[in-house]
Amino acid sequence: MVKLHAMAVTIGVVGLGKLGLPVAAALALRGYQVIGYDRDDARMRTAALSRYERGPDGEGTLVDLVDDTVPLRFAPLPELLSAADCVFVVVETPHRPMYEGITPLPDSRADFDYTALRRAVSDVAAHAPGPIEIGVMSTVLPGTIRAQILPVATAHPILYCPQFVGMGRVAQDLSRPEFTMIGAPATYRHGTVSTVLASLADAPLFEVSYETAELAKVVYNTFVSAKVTVANLVQWMAHETGADAGDVLRIIRSGDQRLTSAAYLSPGMGDGGPCHPRDNIALSWLFRAHGGEADLFTGVLRTRQAYVEWLARRFAEYAGPLPMTVLGTAFKPGTDLQTGSSSALMVTMLHFAGATAEVVATPADLIGRPPAAAARAYFIGCPEPEFTGYPFAAGSVVVDPWHVVTDRPGVTVHRIGGQPSPAGDG
Ligand SMILES: NC(=O)c1ccc[n+]([C@@H]2O[C@H](COP(=O)([O-])OP(=O)(O)OC[C@H]3O[C@@H](n4cnc5c(N)ncnc54)[C@H](O)[C@@H]3O)[C@@H](O)[C@H]2O)c1
């Protein structure tokens, strides 16, 4: 593998959204000269970085680490292309809101919308002063690069290099990936894109076909969703049968020879975020389009949804006459993103069932708001410390699928599939 001296390489990043801007910042922190461009001027500044994005070692916020000494700047596309040695395209490939995972799964299915990606790649192709490697980081379904992107890339080499990162930990996951994967034509020989990505970490490098990389990216998310769904089912069944979900999952996590890692096997709710539900929904569309019938993708999604519906019923049942509050609708702690959130799906389900629940979306919504003095029923939708440590008034009922709310006098805690609090029946 050719060694690159980071300072000598200039990387263009086109599309500075939730993924692109932290990627640009992380590459600059590694010493690469990075130039960012977004069609939305508001994204062309480091201050647009989410304060939830942590630094490469998981400490501090990325926005605070990217000071004036870090080689990240912003420029119009032609200027970016006149200086860049390669370009990463990180624009949106949206799914319609009905396929996001916060409303009931419809019967219909659809592919992602590739309009923005085709436009961004053709803009890069048109403005590049000479041949330049274009690394597509946006998520696409198998077959898309060959059918939809190569035709607009003209003579420029296209590499498919999706990232396996979590929101809030983009810089960390880029520096410590499980593997580096690049979809490339058979003729590709370690160009700038693969050398830059491989330089980020000492991880296995897979240079594979476009279709292999495309399928590996979305199936990774299916695997995570399936694991989370198994954990959710354990909770559901434990709650119904008297088993202890925490103990069952501790046992399952110990099966690390055949059942693989402990990640995702904890009490909680279904997976969410800007990738998981929507990638599975899109993958089920592709599977159906190829005549597939026994569809694990839909099976995982239906079970994810059924668990949330069941949780909503338990919440209403445990609340009884008490007014209901959902604490947290972000898709995981440490972010304010509601995209694809199981908790947001539960609020939708409650709404469909005619129940009225107050929603406290993020801990920021608690600022300046005195704790409720009267008893209420609470559902922990996202286990932020501000929610799990909330000063629940005496007589309150708390439904906790995460098993994180501790016992406290006068409050009944229902840990779904877990041990009941002394005052509750769990
Ligand atoms: N957010 C994640 O956790 C994550 C993780 C892995 C993969 N992805 C994938 O990465 C891609 C981007 O996701 P995101 O969450 O950052 O999307 P986003 O909507 O937050 O950001 C996309 C950005 O691209 C810009 N853009 C669109 N067209 C452009 C063009 N022609 N030129 C310049 N800028 C343009 C938009 O203005 C926007 O700022 C998607 O395909 C997504 O599926 C996202």
Side-chain angles (χ1 to χ4, degrees), residues 12-26 35-45 48-50 52-54 62 74-81 84 87-97 99-101 111-128 134-141 144-145 148-149 152-153 160-174 177-178 181 183 213-214 216-221 224 271-283 330-332 334-341:
V13 178
V14 172
L16 302 170
K18 296 185 291 300
L19 182 61
L21 190 52
V23 164
I35 308 175
Y37 165 71
D38 196 292
R39 66 179 175 191
D40 175 0
D41 284 346
R43 301 296 306 172
M44 303 229 322
R45 60 195 66 163
L49 275 164
S50 163
Y52 292 102
E53 287 295 338
R54 318 289 303 169
L62 199 50
F74 303 92
L77 188 60
E79 186 182 329
L80 176 157
L81 289 166
V87 178
F88 290 115
V89 174
V90 204
V91 303
E92 68 270 22
T93 49
H95 226 187
R96 269 174 269 159
Y99 301 124
E100 194 188 286
D111 197 352
F112 297 137
D113 179 348
Y114 299 116
T115 312
L117 180 58
R118 284 167 57 84
R119 175 73 196 273
V121 171
S122 62
D123 281 354
V124 169
H127 288 98
I134 304 173
V136 173
M137 281 192 181
S138 307
T139 302
V140 302
L141 286 185
T144 306
I145 295 287
Q148 302 211 40
I149 305 305
V152 294
Y160 181 54
C161 46
Q163 295 304 306
F164 297 76
V165 297
M167 289 282 85
R169 40 180 305 143
V170 172
Q172 207 178 344
D173 289 343
L174 270 183
E178 294 165 289
M181 183 189 77
E214 289 167 323
K217 164 63 189 168
V218 277
V219 155
Y220 187 100
N221 290 346
V224 171
D271 57 332
C275 296
H276 290 193
R278 69 165 225 142
D279 286 6
N280 265 313
I281 296 171
L283 208 41
F331 81 90
K332 66 176 182 181
T335 180
D336 58 354
L337 292 175
Q338 315 278 306
T339 325
S341 153

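Counting convention: from 1, in listed order, for ligands and their atoms alike. Below, each value reflects all heavy atoms present in this structure, side chains not excepted, and no hydrogens, waters or symmetry copies.
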Checklist entry - Based purely on interatomic distance, does K18 place a nitrogen or oxygen under 3.5 Å from a nitrogen or oxygen of ligand 1? => result yes
Checklist entry - Against heavy atoms of Y37, which atoms of ligand 1 measure under 4.0 Å? => result 32 (N), 33 (C)
Checklist entry - In Å and rounded to the nearest 0.5 Å, what is the CG to CG distance from L174 to L19? => result 7.5 Å
Next on the checklist: At less than 4.0 angstrom from any non-hydrogen atom of V14, what atoms of ligand 1 do you find?
Outcome noted: 32 (N), 33 (C)
Checklist outcome for this item: Per-atom filter on ligand 1: closer than 4.0 angstrom to a heavy atom of Q163 are 6 (C)
Item to check | Y160 (side chain) donor-acceptor with V140 (main chain) under 3.5 angstrom | outcome: yes
Item to check | Closest to atom 37 (O) of ligand 1 among D38, V90, T115 (heavy-atom distance) | outcome: D38
Next on the checklist: Looking at non-hydrogen atoms alone, which of V170, L19, V121 comes nearest to atom 10 (O) of ligand 1?
Outcome noted: L19
Checklist entry - Which is it for F112 and D279 under the side chain to side chain contact (heavy atoms under 4.5 Å, CB included) test, yes or no, and what are the steps along the way? => result CA-CA 9 Å; F112 297 137; D279 286 6; 3.3 Å; yes
Item to check | Residue, atom name and distance, where the atom is the protein heavy atom closest to atom 12 (C) of ligand 1 | outcome: V91 O, 3.4 Å
Item to check | Gap separating the CE atom of M181 from the OH atom of Y220, nearest 0.5 angstrom | outcome: 11.0 Å
Checklist entry - Counting only heavy atoms, which portion of C275 has something under 4.0 Å from ligand 1: side chain, backbone, both, or neither? => result side chain
Checklist entry - Should the ring pair Y99 and H95 be called parallel, tilted or perpendicular, given that the plane angle runs from 0 to 90° and is split at 30 and 60? => result tilted
Checklist entry - Can you find an N/O atom of R39 closer than 3.5 Å to an N/O atom of ligand 1? => result yes
Next on the checklist: Just to confirm my output: which protein heavy-atom neighbour is closest to atom 9 (C) of ligand 1, and how far is it?
Outcome noted: T139 OG1, 3.4 Å
Checklist entry - When rounded to the nearest 0.5 angstrom, what distance separates CD1 in I35 from CE in M44? => result 10.5 Å
Checklist entry - What distance do N221 atom CG and F164 atom CZ have between them, rounded to the nearest 0.5 Å? => result 7.5 Å
Checklist entry - Side chain, backbone, both or neither: which part of R43 comes within less than 4.0 Å of ligand 1 when only heavy atoms are counted? => result side chain
Checklist entry - How close does the nearest protein non-hydrogen atom get to atom 41 (O) of ligand 1, and which residue and atom is it? => result T93 OG1, 2.6 Å
Checklist entry - Where is the tightest heavy-atom contact between A125 and A153, given as atom of each residue plus distance? => result CB-O, 3.8 Å
Item to check | Distance, nearest 0.5 Å, that separates NE2 of H127 from CG of L80 | outcome: 11.5 Å
Next on the checklist: I need the contact type for K217 against ligand 1. Using non-hydrogen atoms and a strict under-4.0 Å cut-off, is it side chain, backbone, both or neither?
Outcome noted: side chain
Checklist outcome for this item: Y37 meets the ring-ring contact (aromatic ring centres under 6.0 Å, His included) criterion, sequence neighbours left out, with none
Checklist entry - Quick one: which ligand 1 atoms are inside 4.0 Å of a heavy atom on G15? => result 24 (O), 25 (C), 34 (N)
Item to check | Heavy atom of the protein closest to atom 21 (O) of ligand 1 (residue, atom name, distance) | outcome: G17 CA, 3.1 Å
Next on the checklist: Between E53 and R169, is the side chain to side chain contact (heavy atoms under 4.5 Å, CB included) condition met? List the steps.
Outcome noted: CA-CA 6 Å; E53 287 295 338; R169 40 180 305 143; 5.6 Å; no
Checklist entry - What is the closest protein heavy atom to atom 24 (O) of ligand 1, and at what distance does it sit? => result E92 OE1, 3.2 Å
Checklist entry - What is the distance from atom CG of L21 to atom CG of L62, rounded to the nearest 0.5 Å? => result 8.0 Å
Checklist entry - When you look for heavy atoms under 4.0 Å from ligand 1, do you find them on the side chain of P274, its backbone, both, or neither? => result side chain
Checklist outcome for this item: protein heavy-atom neighbour closest to atom 1 (N) of ligand 1 works out as M167 CE, 3.3 Å
Item to check | Side chain, backbone, both or neither: R278 near ligand 1, heavy atoms under 4.0 Å | outcome: side chain
